*Asks:* 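Quick one: the structure is below, questions incoming.
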Amino acid sequence: MSSFRLHEPSSTMDWKDITSTSSFSPLTTPSKNFFAMKGKPTGANTATTAAKSWKNPNLSMTALDNSHIQQPGRYVSVIEKLQELARQGGMEIATARRPQAAIYIAPLPKDISRFLEKTRHEFTESLLESERGFAKSVQESSQQTALREESEKFRGHVTRDLLTVATSGMADMLRKHRDRREELKTFSRLDPTRVVGDRTMTDEEESFCRTLREVNEAIICKRPVNPAESFSNLVGVSGNHHASQLWRAFTALTSPFEHPKSTPNSPEKFRLSRLFAESLVNRSRQYLENSAYESHLSHASSSSSSNMAAADLVRFCAKSHLTKLKLAQPSLTSGGEQPVWALIYYSLRLGLSKVSLDFVETGDDSTQDIRRYLVEYDRQRGWLSDGSRSELEKAYRRLGGANLDVFKKAVYAVLSKTETNETFPGVTSTVSDWLWMKLSQVSLAGKGFTLIKLQEQVKEKFDSNASDDAECFLVYILTGLFELALERLAENTKYLIHAVHMAVCLQHSDILITSNDSQEGGDSPIGLDFIALIKSHVRPFRKQTPEAAVEYYFHLAPFPALCAIDVRSDHPFRSMFELCLYKLARDTRSAWKIFGVLEDAGEDAGEDVRLRRGVVHKFLTDPEGLMVAVAKAFETEGRFEEALVLLELAGQQRMLLQALLRILSAILVVPVEDAKRKSVYAVATASAKRLNKSIEEEKLIGNVFILLDLITFIDTFDRKQYHQAVVIMKELRIVPVDADKVLEAVRQTGLD
């Protein structure tokens, strides 16, 4: 940097003005120290003579021919230039040997001035570039410092997790990581009441739950049922127009599929099969055609009072679209006043392929050529044979696609399934039109435009969050991207309840790919976290209405339990359904709604109590193991009354007897005024009385009654009812009470 400062301009003068602002004296007056030379040097002696005259002032100089001084390719120094000017003007130039002489400086030549100017400019640019490089290095250093800080934070989290493993064990760390992942789930994040979970159900939630209960009963009884139709009818009468449109499309697409024998209970393989692709394309195309037909019929009916024929409806549709596009090209009016190719296209778009044959007759020879292909298209429900498609494709290539009528080009693209990368901007004015065009171009052959390739196009086009949620759902669901459709719909809180029940319908139809079933890689769709979706819907009201939560948990029965064995109960859970019931019973205070309750039988009944079954008995034929696991958890948590009731409901008499002994022994040391002690005593007494009638182990049941009498004795003594306490102690016969027996006991003790 210091080397550049030698060339920096003055602070008061621009570096470009150094030569222009200097004033020089005219070199016209000869100096008195110069004398005329005697004789004239010639040839090669010119330079020698000039040098001698420069050193010796007594020598005279004459004007020289300077044509040889500045030659091409030879550099002329400033000193040499000044000497030459001095010789030409006859002036004296003072050197270091003669400081007393006056100094006259001639103006710098233009080439030297330009050279100096260029050099100073380069040095200035070097300075600026150096400053920019320094600023960039400072910025990079700041970024590296920020990265190091983030790395230190991450290292700190990892270290803390490792310390957690060392102190509290691997199980706690895995549980913490699982909770952290659940917080990041889309469905958990959308639920603001996921922590509380004790609110009552809304009217909409109750109506959906009632319908789901009816569906579950039909599934249990193995009756044919279409859940999508049931929920769609429910939404239809609710007056929610937007949700009704979503359910209408969903029902049209997800009505029961016929699974081939080669893919039983394998949604992933079935979704990649030719049968699924053909069925889905037919249903999606038919839905779009029916929707367009009904929409245009509604608009046409509002403008015309009479019933409109199919051909007139096609003309109305074509006219409205052409008016919006402001198309008035001559090619659109081929075959008379009617735009034949536009009418043929809109006949296919409205699902009126038979009407398109009538419009073909009004056209020219070019329209007559596709008549037999339209007949085949109508007969085979929108499909052509490979031979017909090949012929149409060759005919289309011969026509030259660049100059074709846009509607003629669209008709050929639909029939021959070509131009799959074309968007047809003059024809596909809406998303529905574009999607219908792409579905019509789908080929079942492996080398053509398959359903998987269409799905890739859809994901690229509608992956942005700027797209409408309902629109994205319709596009995804109509192209077989069921999991993406439900995930996008669930991101909107007002559609979350619909996404949950649609997922239930897909799971019942065995076409839903879940995150537990999907495999990474290949063409397989990404699985939906069905378990998290169900939990996110149930979590807000599960504690308040556990019987409703069980109806939703029932659809988790096909999934294996994430935690196979509970540490507290040592119970092997057979499915996620059982695991969710276990956690639900522990979290709620209304476990009796799940497992049932003992009620008074009444005076006319032969027994004291009768069992009222809970909702779990509807779904499980053998819930006893689960009830025992919950009872053990209750006993560990201090919920003794519920534990005793559950063991009695499960019919586990020996386990109930053992639990009575443990629980009664524990409450002996509990203060008498404790309300929980009284409640446990009442439940234990009733259970012991009923158990005494059926159990054969008299010794064990006798120990239970001894513990009950001891509790009664302590309570009586605490109330200062000493006479009654003595009577109870006599009946117990644990310690002697009479005087003679006390003396006998003392003597026995002394002998011992």
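These figures come from a predicted structure and were not determined experimentally. Every heavy atom of this structure was used, including side-chain atoms; hydrogens, water molecules and symmetry mates were not.
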*Asks:* Do E547 and R542 sit within salt-bridge range, that is, some charged N less than 4.0 Å from a carboxylate O?
*Replies:*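 No, no charged N to carboxylate O under 4.0 Å.
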*Asks:* Counting the benzene-type ring for Trp, do H555 and F559 have ring centres under 6.0 Å apart?
*Replies:*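 No.
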*Asks:* Going by an N to O cut-off under 4.0 Å, is there a salt bridge joining R488 and D469?
*Replies:*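 The answer is yes: the pair qualifies as a salt bridge.
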*Asks:* Does R677 come within less than 4.0 Å of D715, counting only side-chain N to carboxylate O?
*Replies:*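 Salt bridge: yes.
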*Asks:* Got a sec: does the NZ of K676 have more than 12 other heavy atoms crowding it under 6.0 Å?
*Replies:*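 Atom NZ in K676 is crowded, with more than 12 foreign heavy atoms closer than 6.0 Å.
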*Asks:* Under a 3.5 Å distance rule, please check whether K535 uses its side chain to pair with a backbone N or O of F530 as donor and acceptor.
*Replies:*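 Checked: no pair found.
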*Asks:* Which residues pass the side chain to side chain contact (heavy atoms under 4.5 Å, CB included) test with S244, not counting sequence neighbours?
*Replies:*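 In terms of side chain to side chain contact (heavy atoms under 4.5 Å, CB included), with neighbours along the sequence ignored, S244 is linked to V235.
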*Asks:* For H501 together with Y552, are the ring centres under 6.0 Å from each other?
*Replies:*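 They qualify: ring centres under 6.0 Å apart.
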*Asks:* Treating T251 as the side-chain partner and R248 as the backbone partner, does any N or O pair qualify as donor plus acceptor under 3.5 Å?
*Replies:*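 Absent.
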*Asks:* For S515, is there any backbone N or O sitting under 3.5 Å from a side-chain donor or acceptor partner on D529?
*Replies:*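 No, D529 side chain to S515 backbone: no donor-acceptor pair under 3.5 Å.
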*Asks:* With no hydrogens and no angle check, is any side-chain donor or acceptor of N233 less than 3.5 Å from a backbone partner on E229?
*Replies:*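 Yes.
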*Asks:* Do F208 and H498 make the cut of ring centroids closer than 6.0 angstrom?
*Replies:*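 Yes: the rings meet the under 6.0 Å criterion.
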*Asks:* So, does S509 use its side chain to make a donor-acceptor pair with the main chain of I511 at under 3.5 Å?
*Replies:*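 Not a single qualifying donor-acceptor pair exists.
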*Asks:* So that I know where these two stand, are F619 and F554 an aromatic pair - ring centroids less than 6.0 Å apart?
*Replies:*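 Distance test on ring centres: under 6.0 Å, yes.
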*Asks:* If you measure only the distance, is there a donor-acceptor pair under 3.5 Å linking the side chains of Q544 and T200?
*Replies:*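 Distance-only check fails for Q544 and T200.
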*Asks:* Main chain of L533, side chain of S536: is a donor-acceptor contact present, judged purely on distance under 3.5 Å?
*Replies:*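 Looks like yes, one N/O pair under 3.5 Å.
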*Asks:* Is any NZ, NE, NH1 or NH2 atom of the basic residue among R199 and E205 found under 4.0 Å from an Asp or Glu carboxylate oxygen of the other?
*Replies:*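 Judged by the 4.0 Å cut-off on N to carboxylate O distance, R199 and E205 do form a salt bridge.
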*Asks:* Spell out, as yes or no, whether a donor-acceptor pair under 3.5 Å connects the side chain of R271 to the backbone of L481.
*Replies:*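 Such a contact is absent between R271 side chain and L481 backbone.
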*Asks:* So, E642 and R586, do they make that salt bridge, N to O below 4.0 Å?
*Replies:*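 No salt bridge links E642 with R586.
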*Asks:* Would F717 and Y722 count as a close aromatic pair, with their ring centres under 6.0 Å?
*Replies:*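 Between F717 and Y722, the centre distance is under 6.0 Å.
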*Asks:* Mind checking side-chain hydrogen bond (donor to acceptor under 3.5 Å, both in side chains) for R612 and listing every partner two or more places apart, or none if nothing turns up?
*Replies:*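 Per chain and number, R612 pairs via side-chain hydrogen bond (donor to acceptor under 3.5 Å, both in side chains) with E599.
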*Asks:* Compute the ring centroids of F573 and Y582, then answer whether they are less than 6.0 Å apart.
*Replies:*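 Aromatic pair counts; centres sit under 6.0 Å.
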